Each structure stands twice: as structure tokens, then as C-alpha cells.
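Each remark here refers to the structure printed beneath this line.
All values below come from the heavy atoms of this structure, side chains included, with hydrogens, waters and symmetry mates left out. Treat the numbers as computed from the prediction; the structure is a model and nothing was measured.
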Amino acid sequence: MAGVGMAALGAWVPCRRWSKAAVFGFHRGLTALLARKPEGTPLWLPACRQKTSVSFLSRPDLPNLAYKKLKGKSPGVIFIPGYISNMNGTKALAIEEFCKSLGHAYIRFDYSGVGNSDGNLQECTVGRWRKDVLSIIDDLAEGPQVKKEVEMKGVWAMPSRYSEDGIYHIQYSFIKEAEHHCLLHSPIPVNCPIRLLHGMKDDIVPWHTSIQVADRVVSTDVDVILRKHSDHRMKEKADIQLLVYTIDDLIDKLSTVVN
């Protein structure tokens, strides 16, 4: 998807150290927040924070997950705990205070079998906890996670500045059928001369995609031309001029080969 409406700053790294969560990206902002702390104020939140009610995410055939959700603006943050860590740890509470100070959405939760969540810790595995994380993202987080909504409504309302009403209504059937035509996972059997023109200000299809296409096609005659200040449509006079020149060059090249 283009754009990120939420950010998972916590990541569990089981292959390195089993007792630690890897948390990225918040240190500078957190430092700034703590620097504003008045003299005499505790570094972390007082015990009264624990009085806030715990919510539960109900899941068919899976343990209910305990969580606390702070509403706010995008991008939001999800804290993913480390091994057997719960959502009331020092880092989880500190990041919540940081998000609250800036008005960003935030979610912290307990894995199944840990803290207030249902489940038996002795039966838990990495795979089960992975499902816990995906449940939090799919069912609680707000933002570009639109898969559930599309499946239920049968249509995805995608904001776009290229539409007159500001929205493209994309049918779920269109999206599902498109999955059968993904090309970048294997070599693309096209062997003719190829020229890819892409604006680096394209906010719909990242220009890196053209690099990936060039890498995947089997043709050896491939050029990628990037326009630094062009957008998705590339309809400015200079863009169209480049397009015409490129086509003219290809015509000359192919005519020479044929003759």
C-alpha cells in the first residue's frame, strides 16, 4: 500500500535474545519528552495508571487478547512485547506517554498466555504469538489495514487526488483477480527493447517499482528514465516531450533491426 497509517515500533526478535524487545525510532522523541519533565516528577507513570480498564479482543477459536488502546492521529504506534513481557512494562508505558503527549494513536497488548490475556503459556509458540500480532493489526488498528473492510463491504474506497470526487471505488473482485497477475516474484518473459519512464514524485506507484521491473524482465535492452520532479501522471509538457522522444528512438531502433 502507498502510505502508512500506523507504525509498529516494537519488534520481537526471538533469534537473538529471548528476554528483550527491539524498539526502534522513538528514542529521540522520547528524550525530548522526558527533557520537558518538571523537577520532582517521576520518570515513569505512577501506579494509578494501572487503574485504567483493560479491553479484550474476542477471537473465534483463539484466546482473547487483553489490550489498551489510546485514540489519536495517524501514524499510530503498536508496541509488540518481548518474550513473556506484558503490556505494563516500562517501555510500553513510556511510549504510551510519548504518544499521548503528541496526540498519536497507540495500542499495547498481552500475548496469549501472558498477562491478562487468555491462554496457557505452556502451549504458546512463536506462530501463535504471530497470530496475536496480526489480530491486533487487523482488528484494532486504524489506517491502511483495509483488508477486513474490503472483504465485508465488497469495495475499497481509496482516496486519490486524481479522481474528481477524491475517491476511487475499487471492487474486491478486481483486487482478488489481480493477485493472479503479480509479476515481480519471478522472471518476466519479455525480450523486446523496453523503456520505463517514471516520475520520482509519483505518490501512487513508487519509482523503485520500475527498477524492480527492469531487474525482472529477461530482455537485456532495458532503460529506466527517472524524472525527478514529475508525478504519477507525467502529463507536463516536458514529460510528454520525453515520452515522444523515447518512442521516436525506439522506432528508429526497431526499424534498423527489421531492415
Side-chain angles (χ1 to χ4, degrees), residues 1-8 11 24 74-75 78 127 130-131 133-135 137-139 141-258:
M1 296 180 187
V4 178
M6 57 82 61
F24 307 96
S74 178
I78 297 176
R130 177 180 180 274
K131 289 182 180 179
V133 174
L134 294 178
S135 293
I137 293 174
D138 291 338
D139 299 329
E142 299 174 1
Q145 300 77 234
V146 297
K147 184 176 180 181
K148 293 282 186 181
E149 179 181 355
V150 173
E151 291 176 347
M152 290 187 294
K153 295 183 178 180
V155 64
W156 177 30
M158 183 184 77
S160 174
R161 62 189 181 96
Y162 300 110
S163 172
E164 290 186 3
D165 57 1
I167 296 176
Y168 281 141
H169 296 281
I170 304 177
Q171 297 299 316
Y172 181 53
S173 57
F174 182 91
I175 297 174
K176 287 297 292 181
E177 200 277 338
E179 293 178 352
H180 300 294
H181 306 286
C182 295
L183 299 176
L184 296 180
H185 61 279
S186 60
I188 303 173
V190 177
N191 206 23
C192 63
I194 298 172
R195 303 295 180 265
L196 301 170
L197 280 60
H198 209 138
M200 296 180 72
K201 298 295 185 181
D202 190 337
D203 58 344
I204 303 299
V205 181
W207 60 264
H208 304 84
T209 303
S210 286
I211 305 298
Q212 291 177 292
V213 172
D215 181 59
R216 287 296 185 182
V217 293
V218 298
S219 174
T220 58
D221 186 359
V222 181
D223 291 341
V224 178
I225 303 172
L226 300 177
R227 298 279 298 172
K228 186 172 182 178
H229 297 293
S230 298
D231 61 12
H232 178 66
R233 289 190 168 180
M234 291 190 70
K235 63 177 184 178
E236 299 300 322
K237 182 177 180 180
D239 297 327
I240 296 174
Q241 195 172 48
L242 174 63
L243 176 61
V244 172
Y245 287 163
T246 303
I247 293 174
D248 184 50
D249 180 65
L250 277 174
I251 290 175
D252 284 345
K253 184 182 185 66
L254 293 173
S255 298
T256 302
V257 172
V258 171

Taking all non-hydrogen atoms of both residues into account, name the closest pair between [X] and [Y] and its distance.
X: Q171; Y: G154; value: OE1-O, 3.3 Å
X: G199; Y: M234; value: N-SD, 3.5 Å
X: V218; Y: P187; value: CG1-CB, 4.3 Å
X: K176; Y: H180; value: O-CD2, 3.9 Å
X: N191; Y: S219; value: OD1-CA, 3.5 Å
X: D239; Y: S230; value: OD1-OG, 2.5 Å

Could you grab the distance from atom [atom1] of [X] to atom [atom2] of [Y], nearest 0.5 Å is fine?
X: I240; Y: L197; atom1: CD1; atom2: CG; value: 12.0 Å
X: I188; Y: H185; atom1: CD1; atom2: NE2; value: 9.5 Å
X: I204; Y: S160; atom1: CD1; atom2: OG; value: 5.0 Å
X: W207; Y: M200; atom1: CH2; atom2: CE; value: 4.5 Å
X: T209; Y: L196; atom1: OG1; atom2: CG; value: 10.5 Å

### Task
Go through the steps to decide whether I211 and D215 satisfy the test side-chain contact (heavy atoms from CB on, under 4.5 Å), and finish with yes or no.
CA-CA 6 Å; I211 305 298; D215 181 59; 5.7 Å; no

**Study point:** E236 atom CD, neighbour heavy-atom count above 12 within 6.0 Å
**Key:** no

- Presence of salt bridge, K201 and D231, under 4.0 angstrom: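 No salt bridge links D231 with K201.
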
message = Side chains of I170 and W156, heavy atoms from C-beta outward: is any pair under 4.5 Å?
response =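 Side-chain contact under 4.5 Å: yes.
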
Could you tell me if the side chain of I247 sits less than 4.5 Å from the side chain of I251, heavy atoms only?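 A side-chain contact exists here, since the closest heavy-atom pair is under 4.5 Å.
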
* To do: Go through the side-chain N and O atoms of S163 and D165 and say whether any donor and acceptor fall under 3.5 Å apart.
  => yes

Any donor-acceptor N/O pair, [X] side chain to [Y] backbone, under 3.5 Å:
X: H198; Y: V205; value: yes
X: R233; Y: Y162; value: yes
X: R216; Y: L184; value: yes

